[in-house]
Amino acid sequence: MRLFTGGLLAILMVAPGVAAKDPEGVYRNAEAKHFTRVEGVELSPAFGDYLYAELRSELTKTKMFEQVIGEGEAVEDADAGKSIVIEGVITEYKKGNRATDALIGFGAGMRSLKMDVKVTRRSDHQDMGAIKVHVKISPRWKEEVMAKAAAHQIAHEIKNELKEKKS
């Protein structure tokens, strides 16, 4: 019984220190915008919406932001300094080739998507980082899967970029 009470006492003494730890999120808001496309990029019109929705979801999962807001939503002036805006341009898309993917494999015939992503502070539009994203997936998978993979990579890169800026 004494061992149990001593263990419980130790847990209770450590628990307040654990709860007082700084939260991982240092930014109040993140606003994701719909990505634009350069001329000649042949993706379905719905791809932009898939990417936008998945990017908001993946940004929420990073836990770097207290809130991920939609495009054009208002932010209080006091929070603008701790808010970022994420914009991007889809620069290249290659459809891939199912036959090459099936016959050769090893990455041959893959779909390819390249994007340039820019992160800026909302209050003064200061550049917080620029990211180049290149996603490759099988041509057998739908655009929704490609959007999810791209959003995951963007959110991961943004998290790393902002952690570097912080330290």
Side-chain angles (χ1 to χ4, degrees), residues 21-98 101 107-167:
K21 184 180 175 187
D22 289 336
E24 192 173 332
V26 293
Y27 293 94
R28 179 84 174 109
N29 299 304
E31 176 186 357
K33 293 192 173 188
H34 281 84
F35 283 28
T36 58
R37 304 173 191 189
V38 296
E39 192 171 326
V41 172
E42 297 177 13
L43 286 163
S44 73
F47 181 78
D49 293 331
Y50 297 144
L51 181 61
Y52 173 73
E54 291 296 338
L55 182 57
R56 288 188 62 190
S57 173
E58 291 294 328
L59 287 170
T60 302
K61 290 178 187 176
T62 66
K63 298 182 181 172
M64 287 284 293
F65 313 102
E66 290 180 25
Q67 185 179 22
V68 178
I69 60 174
E71 187 170 6
E73 285 187 35
V75 172
E76 293 180 29
D77 291 338
D79 295 336
K82 292 185 177 181
S83 299
I84 64 164
V85 178
I86 300 153
E87 303 174 273
V89 178
I90 300 171
T91 57
E92 182 181 302
Y93 171 67
K94 294 181 182 174
K95 291 187 236 182
N97 186 314
R98 283 184 176 204
D101 181 50
M110 299 287 270
R111 280 186 183 186
S112 173
L113 179 69
K114 292 183 181 180
M115 296 176 280
D116 292 334
V117 181
K118 187 170 108 176
V119 181
T120 56
R121 184 178 294 137
R122 188 180 185 107
S123 61
D124 57 2
H125 303 289
Q126 178 186 351
D127 185 19
M128 300 293 286
I131 302 164
K132 297 213 178 269
V133 177
H134 187 192
V135 177
K136 288 186 173 186
I137 67 163
S138 171
R140 292 173 277 171
W141 294 348
K142 296 182 178 182
E143 283 185 344
E144 291 94 337
V145 176
M146 186 167 57
K148 183 156 184 72
H152 179 76
Q153 186 174 348
I154 292 167
H156 179 73
E157 294 290 330
I158 288 172
K159 182 176 181 178
N160 290 342
E161 188 79 23
L162 293 177
K163 279 189 174 183
E164 278 183 26
K165 292 272 187 197
K166 183 183 173 191
S167 55

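Because only heavy atoms are used, hydrogens play no part in the values below, and waters and symmetry mates are left out as well, while side chains stay in.
Leu51 CG to Leu43 CG: the interatomic distance, rounded to the nearest 0.5 Å, is 9.5 Å.
Side-chain contact between Lys148 and Glu58: present, with at least one pair of heavy atoms (C-beta onward) separated by less than 4.5 Å. With contacts defined as side-chain heavy-atom distances shorter than 4.5 Å, the pair Ile131/Ile154 does not qualify. The shortest distance between side-chain heavy atoms of His134 and Ser112 falls below 4.5 Å. In this structure, the side chains of Tyr93 and Arg37 stay at 4.5 Å or more apart for every pair of heavy atoms. When side chains are defined from C-beta on, Met146 does not count as touching Tyr50, because their heavy atoms never get closer than 4.5 Å. Considering only heavy atoms from C-beta on, Asn29 comes within 4.5 Å of Asp79 through its side chain. Contact check for Glu143 versus Arg111: side-chain heavy atoms found under the 4.5 Å cut-off.
Using bins of under 30°, 30° to 60° and over 60° for the plane-to-plane angle, the ring pair Phe65/Tyr27 lands in the tilted bin.
Here the side chain of Gln153 pairs no donor or acceptor atom with the backbone of Val133 at under 3.5 angstrom. Without hydrogens or angle criteria, Thr91 side chain to Lys114 main chain gives a donor-acceptor distance under 3.5 Å. Judged by distance alone, the side chain of Arg56 and the main-chain N or O of Ala32 form no donor-acceptor pair under 3.5 Å.
The existence of a salt bridge linking Glu71 and Lys33 is excluded, since no basic side-chain nitrogen approaches an acidic carboxylate oxygen closer than 4.0 Å. A salt bridge does not link Lys132 to Glu157: none of the charged side-chain nitrogens sits closer than 4.0 Å to a carboxylate oxygen.
Closest heavy-atom contact between Gly81 and Ser123: CA-OG, 3.6 Å. Residues Val135 and Ala150 come closest through the heavy atom pair CG2-CA, 3.6 Å. Between Ser83 and Arg28, the closest heavy-atom pair is OG-CB, 4.3 Å.
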